[in-house]
There are 2 protein chains.
Amino acid sequence: MKPEIDIIAFDADDTLWVNEPFYQDAERKLEEVLRRYIDVEQITEDLYEVESKNLSLFGYGTKGFTISMIETAIELSVGKITAGEIQEIIEIGKRMMQNPIELLPGVRRALTELDQNVDLMLLTKGDLFDQESKIARSGLSHFFKYVEIVSEKDEPTYLGVFDKYHIKPARLLMVGNSLKSDILPIVGVGAHAVHIPCETTWVHEKMAEPLSRKQHFELGEIGELPRFVEETYQLERA
Amino acid sequence: MKPEIDIIAFDADDTLWVNEPFYQDAERKLEEVLRRYIDVEQITEDLYEVESKNLSLFGYGTKGFTISMIETAIELSVGKITAGEIQEIIEIGKRMMQNPIELLPGVRRALTELDQNVDLMLLTKGDLFDQESKIARSGLSHFFKYVEIVSEKDEPTYLGVFDKYHIKPARLLMVGNSLKSDILPIVGVGAHAVHIPCETTWVHEKMAEPLSRKQHFELGEIGELPRFVEETYQLERA
């Protein structure tokens with residue numbers, strides 16, 4: 001017998017729309033600003049180190065990332081970077097906050113099909129203002145019965161959200177690109193999970209140990225989701 | 001007959017704990033950094049102008065405020081501020097993110113008394129990560145059955161939150177220090193409101209037109225709230 005599902009929750013960044021490539025693009029632009037001062041090829045490691053140190057104070061999102069870019073620039077230029085160049089870095093951050101949202105291929109069609117038979121939820125981690133702005137710019141908000149933005153995706157957070165909406169974990173399917181955030185804790189609380197890997201994944205989301213494939217499914221792209229869901233689950237509306 | 005209430009919602013910043021004075025203190029520290037470059041007495045207006053311009057990109061909170069402080073410094077120093085001084089400004093912001101939370105007088109006692117008879121909610125505007133961190137540091141989180149952090153406090157947002165928890169507006173009392181955010185939209189959606197003014201209110205929260213006092217109550221301090229609630233409402237648990 002197929003398991004009964006009455007809600008499908010989606011991660012947003014790099015599941016529904018392009019995100020990480022914009023961060024990598026910002027990093028390339030930061031390297032251009034810093035070219036006068038340093039001769040390293042890539043600043044990825046330095047920037048990641050500053051970001052990691054700041055994570056417990058800033059959380060995720062572009063505002064914290066912007067401050068981390070500034071700190072990295074001050075550090076790598078040994079304090080020589082000018083105020084004008086720091087303003088350029090701020091502008092890199094501000095442009096990220098206004099980027100048009102680029103949906104991943106097949107997203108709109110998959111949501112349209114699934115929306116006909118089951119309730120959909122957007123369940124994303126990050127900066128509240130950032131994410132609300134991206135959801136608005138994505139043009140997808142009408143698909144989602146519930147939208148939840150959380151500061152961390154771990155088991156207690158998921159349980160808190162499910163409790164809030166009186167959702168039974170066993171009746172929820174989560175879809176996302178991050179094994180660490182979208183799959184492992186979801187399997188941990190007894191919900192269903194579909195992993196759709198993304199070409200570019202932030203190093204912070206990468207896992208040292210791969211998960212056993214037994215507890216979740218993996219699809220190549222979101223376009224396969226409606227058929228997979230139809231074949232695998234019994235859909236109900238709560 | 002007294003109106004029946006089954007939930008009391010509290011604003012957080014400058015209602016439960018000190019907030020705005022920390023921003024004003026940061027502003028004084030920014031002035032010290034800028035003293036080498038400018039001879040104005042106060043930078044309040046310049047900083048507020050930069051903040052207001054950035055609000056639609058950053059939303060509320062200390063990370064956006066930190067970037068606005070940096071931009072103000074670059075502007076007022078005509079690009080002369082050094083990287084070292086910008087790092088000092090970043091440190092001012094980081095210290096704000098770690099400040100111990102200073103509860104306003106009578107808060108713990110009022111929550112303890114009210115918690116015995118009615119469900120309490122924390123309903124605050126701001127940066128998600130900032131606010132979660134402050135709630136954790138405040139030591140008050142166990143009082144609240146629900147915690148909601150929103151990016152703006154307007155009528156649609158309040159209605160969305162009430163809908164999420166199946167709360168009838170007429171059965172909710174909101175308590176806060178900002179007429180603009182905590183009182184006016186609450187009265188607008190048909191809920192009850194108690195205004196507890198705070199000595200220091202951010203200019204952004206100030207209203208040009210005072211509200212008519214007929215639709216809400218005003219108390220001098222939160223210590224008066226339990227008695228006021230007892231005399232004015234019939235409390236129930238939902």
Side-chain angles (χ1 to χ4, degrees), chain A residues 37 50 53-71 73-91 93-98 125-133 136 145-152 157 160 163-166, chain B residues 37 50 53-71 73-91 93-98 125-133 136 145-152 157 160 163-166:
Chain A
Y37 302 103
V50 174
K53 256 191 274 182
N54 285 337
L55 199 61
S56 68
L57 273 185
F58 295 167
Y60 302 96
T62 44
K63 289 181 297 247
F65 180 70
T66 303
I67 302 173
S68 291
M69 284 198 291
I70 297 171
E71 285 200 277
I74 294 173
E75 207 175 295
L76 289 179
S77 73
V78 204
K80 288 189 190 132
I81 189 143
T82 67
E85 287 159 340
I86 287 175
Q87 186 65 47
E88 279 179 50
I89 297 171
I90 294 176
E91 298 306 326
K94 285 187 175 180
R95 274 196 300 274
M96 291 176 79
M97 299 172 203
Q98 300 168 84
K125 174 177 81 176
D127 181 90
L128 179 64
F129 194 82
D130 256 14
Q131 293 293 341
E132 285 186 351
S133 160
K145 184 170 178 188
Y146 310 113
V147 173
E148 274 294 314
I149 298 160
V150 295
S151 61
E152 193 55 88
T157 308
D163 191 48
K164 192 191 277 193
Y165 295 104
H166 308 286
Chain B
Y37 303 103
V50 174
K53 258 192 273 183
N54 285 336
L55 198 61
S56 68
L57 274 184
F58 296 167
Y60 302 97
T62 44
K63 289 182 296 249
F65 180 69
T66 302
I67 302 174
S68 290
M69 282 198 292
I70 297 171
E71 286 201 274
I74 294 173
E75 207 175 296
L76 289 180
S77 73
V78 204
K80 289 191 190 129
I81 190 145
T82 68
E85 287 159 340
I86 287 175
Q87 187 65 48
E88 279 180 50
I89 297 170
I90 293 176
E91 299 305 327
K94 284 187 175 179
R95 275 196 299 276
M96 290 177 78
M97 299 172 202
Q98 299 168 84
K125 175 177 78 176
D127 181 89
L128 179 64
F129 193 83
D130 255 15
Q131 293 292 341
E132 286 186 351
S133 161
K145 183 169 179 187
Y146 310 113
V147 173
E148 274 295 315
I149 298 160
V150 295
S151 60
E152 192 54 88
T157 307
D163 192 48
K164 190 191 278 193
Y165 294 105
H166 307 287

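For B/Tyr165, the ring pair (Phe, Tyr, Trp, His ring centres under 6.0 Å) criterion is met by B/Tyr146, not counting sequence neighbours. Looking at residues two or more places apart in sequence or on another chain, you find no side chain to side chain donor-acceptor pair (under 3.5 Å) involving B/Ser77.
Counting heavy-atom pairs closer than 4.5 Å to chain A, the top residue among B/Gln98, B/Glu75, B/Lys80 is B/Gln98. Top candidate by heavy-atom pairs under 4.5 Å with chain A, chosen from B/Thr62, B/Ile81, B/Ile67, is B/Ile67. In terms of heavy-atom pairs under 4.5 angstrom with chain A, the leader among B/Lys94, B/His166, B/Gln131 is B/Lys94.
Only the side chain of B/Thr66 comes within less than 4.5 Å of a heavy atom in chain A; its backbone stays farther off. For chain A, no part of B/Ser68 is nearby; none of its heavy atoms comes within less than 4.5 Å. Both the backbone and the side chain of B/Leu57 come within contact range of chain A, each with at least one heavy atom under 4.5 Å from a heavy atom of that chain. B/Asn54 touches chain A through its side chain: at least one heavy atom from C-beta onward sits under 4.5 Å away, while N, CA, C and O do not. Contacts between B/Glu71 and chain A at a heavy-atom distance below 4.5 Å involve backbone atoms as well as side-chain atoms.
Side-chain atoms of B/Thr157 and B/Glu152 include no donor-acceptor pair closer than 3.5 Å. Side-chain contact of A/Tyr37 with A/Glu85: a donor-acceptor pair under 3.5 Å is present, judged by distance alone.
For the atom pair B/Phe129 CZ and A/Ser56 OG, the distance stands at 6.5 Å (nearest 0.5 Å). Here the NZ atom belonging to B/Lys63 is positioned 12.0 Å from the CZ atom belonging to B/Phe58, to the nearest 0.5 angstrom.
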